[in-house]
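The sequence lines fix the lettering, A, B, ..., with proteins before strands; numbering per chain opens at 1.
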There are 2 protein chains.
Amino acid sequence: MVTMRDVADRAGVSIATVSFLLNDTKPVTAATRARVEQAMAELGYRRNAVARALASRRTHIIAMAYPALEHRFGMSTAEFFTSAAEAARKEAYHLVLWPVGNDGVELRELLGQGLVDGVVLMEVQLDDPRVDVLRETGTPFALIGRTTELEGLSHVDIDFDTTVRDAVGHLYDLGHRELVLVSGDLADPRFHAYGPWVRTEDAYRRIAAEYGLPIVVMPCSDTTQAGQEAADRLIQEHPKTTAILVLNEYAALGVISGLTRLGRDVPGELSVLPLLMVPETAALSNPELTIMRTPGPELGQLGTDALIRQLEGADPLPPQLVPAKLYPGATVAAPRAPRSKGGGGRRGERKARS
Amino acid sequence: MVTMRDVADRAGVSIATVSFLLNDTKPVTAATRARVEQAMAELGYRRNAVARALASRRTHIIAMAYPALEHRFGMSTAEFFTSAAEAARKEAYHLVLWPVGNDGVELRELLGQGLVDGVVLMEVQLDDPRVDVLRETGTPFALIGRTTELEGLSHVDIDFDTTVRDAVGHLYDLGHRELVLVSGDLADPRFHAYGPWVRTEDAYRRIAAEYGLPIVVMPCSDTTQAGQEAADRLIQEHPKTTAILVLNEYAALGVISGLTRLGRDVPGELSVLPLLMVPETAALSNPELTIMRTPGPELGQLGTDALIRQLEGADPLPPQLVPAKLYPGATVAAPRAPRSKGGGGRRGERKARS
DNA sequence: CTGAAAGCGCTTACAG
DNA sequence: CTGAAAGCGCTTACAG
C-alpha cells in the first residue's frame, strides 16, 4: 500500500503538505503542487479513507437506513436510493443502503460504532423510535417522510395535500362527481401510524369536502388481491362511481385488473388514478396507467442535500414538500353520459365511444 | 465519546486487556473480565469501528456492489440483498448496498479507499470488468452469478440447467409436447453477455432436444409490453403451443395478460411457467402464477458466507449452484384434448373443465 | 494472564 | 507557503 509518507518522500515535501493539497485546506505553490501531483500519479496513490476518517472524525459515509425486514424494497424505494446516492456522490460522500430494523435497536448499535457521519431515514413512522435514537446520539440526519412532531428536524416529504388536490381537481375538471378513494388499511397495526396513508386520507376527506363531493373511502392493503377485492366491493356498494383514486401501487394494479375482470371498461366506464406510483409499475399494465407519479428522484436528492448541508455546517435547508405530478396514461378519461341500466358489458366493446 | 482508555482506567487495567477481552483474542481471568465488563456497561462503551479498522486493517464492511444505474433494483435483487445482509450480520460483518457502475471505474475508486474488506458482486456479466478490478486490487470477493472463466473464483449462482430441466420435465409430465421458451433478448447489446439469459437459453435448447421436443425460442426483453407482443406473435406463429416458459419476470406478466386479452384461457388452453420469479411478483397476478421460484434467499446467504470464509481465512466453499424450485400457483395445468377449430373462447368459460 | 509501547495512515493546530 | 509533532482510538507483537 502506498501511503502519504511515500508520496511526501518522493515529492520532497512533508506529509502535511500532501494533506493540505489533497484537502485543499491550505494554499500550496504551483511548483509544489506539481511535484506532489506527479508523485501521486507515479505511485498510484489513493488516500486511505479509514485513516482519514479516524483523524478527521468524518467517515464521509451516509447510511440510508432501510427497514429491509419490515418494508419491501420496491420500485419507489429504488428510486429514492438511486437519486440519493447520486446526490451524495456529487458532494464526495458515499451513500449506502444500510439495513436496520425500524425499532431503533440496530440503528443505535450502528451509530455507536462511529462508521457513519449521518443518516437518511426512510419509511418514517409518525412516531419513530429511530428518530429518538438519532437525537440521543447527536447524529445528523434527514427524514424522507415526517414524524408527528417536526420541530427542528430537517425533512423532505411528499406534498400529499397538493397531490390529492391536483388529482381530485383533474378528475373534477373532466366531469367526475362520484369519486372513491381506495386508501391504505389503517386498521393494520403495522401501518396505523404510517404517515403517507394517514396524510393522504386526511387530505382527501378535506379536499373532497371542499369540492362538495360525496366522501367515500375504502380501506385496502397494498396487494393486488386486496385491490381486486376492493374493486368488487366498490362495484357492489357504490355503483354510481365514475372515478377511483388509489393510494397504493399494488392495490392499484389489483383495482384495475379487478374492474377488467368484472367486465368494466377502464377508462370508458371508470377512471382509475393511482396517487403514488412510479412509471415502472405503471408500465406493468398495458395500456399504461395514468398516475400521479411519486417524486422519488426529487426527494432522494433533496433529502441527501439537506443532510449534507448539516454535515458541512451550512445553513439548513427549509423542509421541502414535493407533490406527485400527473403522468399521462390511458386509464383516466371523462365520464360517459349516465349509463344504460343493462350495466356490465364486455371489455373493449365500447372503446370506440370513449 | 467514551474510549477504551476510559474503560481501562475505570477497571484498573490496561487498554490491551480491554482489547483482548473484546476480541476474545487472549485469555482473561474471570475477575478481570467482570471488572472490565462492568466498566463498559457503566460507561456505555462502544468500540470505535474506525479506529479498530485502521489498527487491524479490517473494516468488517462488505459491499454488495450493485450497478444501480444499469439494472433496475427489483424484487429479486431485494431478496438477495436482504438475505445477504442477514448472513453477514450473523458473522459480525456489515453488508451494505453500494451503488457502483458496472464498468469497474467506480469500484476501483472505492476499493482504493480501503473502506471495504470484500465485495459481493451482483448482476455479473460473462466478461466483467469489475472482476478484473477486484483481482488486480487483491480484494476478496464472491460472485452471485458467473463469469465465463471461473478458475479460482468463489461464486454461487442459479442452477439454470436443473431449473430448466425441472420446468420442462414438469410440463412434459403433465402431457405438454408443444413448448415455447420466451427468452431474453440477447440481441440487446446491454445483455448479449448477460449470464442468466445465455445460460437459460443454452440449457433449454439442450434439454428440449433431449426430450425430443420441437425447439422454439422467442427473444423478448423484460417488460410487460414486450411480453404481450410476444404473446401475440406466439399465437400467430405457433398456434399449437400448449405451454410457455418465460425467462423474465415482467415479460411473464405481459405474456399472461397478453394471452388473457386475446381471449386465451390460462391455464385451460395454455400453461405459462415463469422460470425465474419471486413470489412477490407472482402475487401481482390473480390467480397467482405458478412459477419457478428464484432462489434469492439461498444465494444471498451462500454468496456472503463464501466471501466471509475467505475473509476469515477458512477453507473456501466450493462453488454452489442452486436451482429455482417449482412454486405452485394457478397458471399451469395439463393440456386439454386437442382443441376444436372454433378456437378462442372467452375467458373463464371452460374453467370447470380444466 | 497482563502491560508498555509501537504503529495503523491520516489531519490539524502550532510555529515559523 | 511549509514542516514537525501530537493525536485520532484502536490492535498487536513483544516481554514478562
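- Residue contacts for A/Thr32: at a heavy-atom cut-off of 4.0 Å it reaches the sugar-phosphate backbone alone, with no base atom in range.
- Ranking C/dT11, D/dA4, C/dG3 by closeness to the A/Arg47 side chain, first place goes to C/dT11.
- Side-chain nitrogen and oxygen atoms of B/Asn48 include none within less than 4.0 Å of the OP1 or OP2 phosphate oxygen of D/dC8.
- Picking from D/dA5, C/dA4, D/dC10 the nucleotide with the shortest atom distance to the side chain of B/Ser14 gives C/dA4.
- With rounding to whole Å, A/Leu22 atom CG is found 12 Å from C/dT12 atom P.
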Start with the C-alpha distance between B/Tyr45 and B/Glu37, add both sets of side-chain angles, then the distance that settles side-chain hydrogen bond (donor to acceptor under 3.5 Å, both in side chains), and finish with yes or no. CA-CA 10 Å; B/Tyr45 172 72; B/Glu37 279 172 348; over 6 Å; no

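- A salt bridge is defined here as a Lys NZ or Arg NE, NH1 or NH2 lying under 4.0 Å from an Asp or Glu carboxylate O, and B/Asp9 with B/Arg5 meets this definition.
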Start with the C-alpha gap between B/Gln38 and B/Glu42, add the side-chain angles, then the distance that decides, and say whether side-chain hydrogen bond (donor to acceptor under 3.5 Å, both in side chains) holds. CA-CA 6 Å; B/Gln38 194 189 346; B/Glu42 287 169 2; 2.7 Å; yes

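- The separation between B/Phe20 atom CZ and D/dC14 atom P is 13 Å, rounded to whole Å.
- Each of A/Thr29 and A/Ile15 was matched to the nucleotide of DNA chain D holding its nearest heavy atom; the match closer to the 5' end belongs to A/Thr29.
- The environment of CG in B/Asp132 is crowded: more than 12 heavy-atom neighbours from other residues, nucleotides or ligands sit within 6.0 Å.
- For B/Tyr45, taking side-chain heavy atoms from C-beta onward, the closest of the listed nucleotides D/dC10, C/dC10, C/dT12 is D/dC10.
- Regarding A/Arg46, its CZ atom lies at a distance of 16 Å from the C1' atom of C/dC10, rounded to whole Å.
- Figure legend. C/dG16 is base-paired to D/dC1; pairs are counted as Watson-Crick or G-U wobble with both atom distances under 3.5 Å.
- Where B/Thr17 and B/Ala51 meet DNA chain C, the nucleotide closest to each residue was compared, and B/Thr17 sits on the side nearer the 5' end.
- For B/Arg52, the side-chain atoms get nearest to D/dC10 when compared with the rest of D/dC8, D/dC10, D/dA4.
- The NZ-P distance, from B/Lys26 to C/dA4, rounds to 14 Å in whole Å.
- A side-chain donor-acceptor contact under 3.5 Å links B/Arg47 and B/Asn23.
- Between the CG atom of B/Leu54 and the C1' atom of C/dT11 there is a distance of 12 Å, rounded to whole Å.
- Remark: the separation of the C1' atoms in D/dG16 and D/dT12 is 16 Å, to the nearest Å.
- Of the candidates C/dC10, D/dG9, D/dA4, the closest approach to any side-chain atom of A/Thr3 belongs to C/dC10.
- Rounded to an integer number of Å, the gap from A/Asp6 CG to C/dC10 P is 9 Å.
- Using a 4.0 Å heavy-atom criterion, one finds that A/Val13 contacts the sugar-phosphate atoms exclusively.
- Between B/Ser19 and D/dT11, a side-chain N or O to OP1/OP2 separation shorter than 4.0 Å is present.
- Look at CE on B/Met4: it is 14 Å from C1' on D/dC8, rounded to the nearest Å.
- No engagement by B/Arg5 is indicated, since no non-hydrogen atom pair under 4.0 Å with the nucleic acid exists.
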